Amino acid sequence: MQIQVHSAGELPVYLQIVHQIQQAIAADQLRPGEQLDSYLDLARQTGIEPSTIQQAYDELECLGVIETPWRIR
């Protein structure tokens, strides 16, 4: 999955990531059970700070969009 952000965009970078992942799910580009890149791998690929990627993943988890392995019950 390709993530593209605009640092001068209207939305914070982490929300741009959240929206792109939500859109990929809605478009069936990401399916249930499919693994996302780790936040460190995605940070390396995109040049975005790992903490920003982690913030996006945390938001997606709070929204019930994704589950992270260390929090699955």
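The basis for the numbers below is simple: all heavy atoms, side chains too, and nothing from hydrogens, waters or symmetry mates. Fair warning: this is a prediction, and the values are worked out from it, not measured in the lab.
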Set of side chain to side chain donor-acceptor pair (under 3.5 Å) partners for Gln45, sequence neighbours left out
Asp37
Measuring only between side-chain heavy atoms, which start at C-beta, is Leu63 closer than 4.5 Å to Gln22?
yes
Rounding to 0.5 Å, atoms CD (Gln16) and OG1 (Thr52) come to a distance of 10.5 Å
Taking the side chain as every heavy atom from C-beta outward, state whether Ile3 and Ile21 have any atom pair closer than 4.5 Å.
yes
Distance col, row Leu36:CG vs Leu30:CG, nearest 0.5 angstrom, shows 6.0 Å
Just how far is it from atom CG of Leu60 to atom OH of Tyr14, taken to the nearest 0.5 Å?
10.5 Å
Heavy atoms from other residues, nucleotides or ligands near CD of Glu49 exceed 12 (cutoff 6.0 Å)
no
Determine the minimum heavy-atom distance between Leu40 and Pro50, stating which atoms define it.
CD2-CB, 3.9 Å
Separation between CD of Gln2 and CD of Gln29, rounded to the nearest 0.5 Å:
11.0 Å
Taken in chain and number order and not counting sequence neighbours, the residues that satisfy side chain to side chain donor-acceptor pair (under 3.5 Å) with Ser38 are Asp41
CZ on Arg44 to OH on Tyr39, rounded to 0.5 Å:
10.0 Å
Carefully, step by step, assess Leu42 and Ile48 under the rule side chain to side chain contact (heavy atoms under 4.5 Å, CB included).
CA-CA 8 Å; Leu42 189 55; Ile48 299 167; over 6 Å; no
Provide the closest heavy-atom pair for Ala56 versus Ile17 in the form atom of the first, atom of the second, distance.
CB-CG2, 3.7 Å
Minimum side-chain heavy-atom gap Val5-Gln20 below 4.5 Å
yes
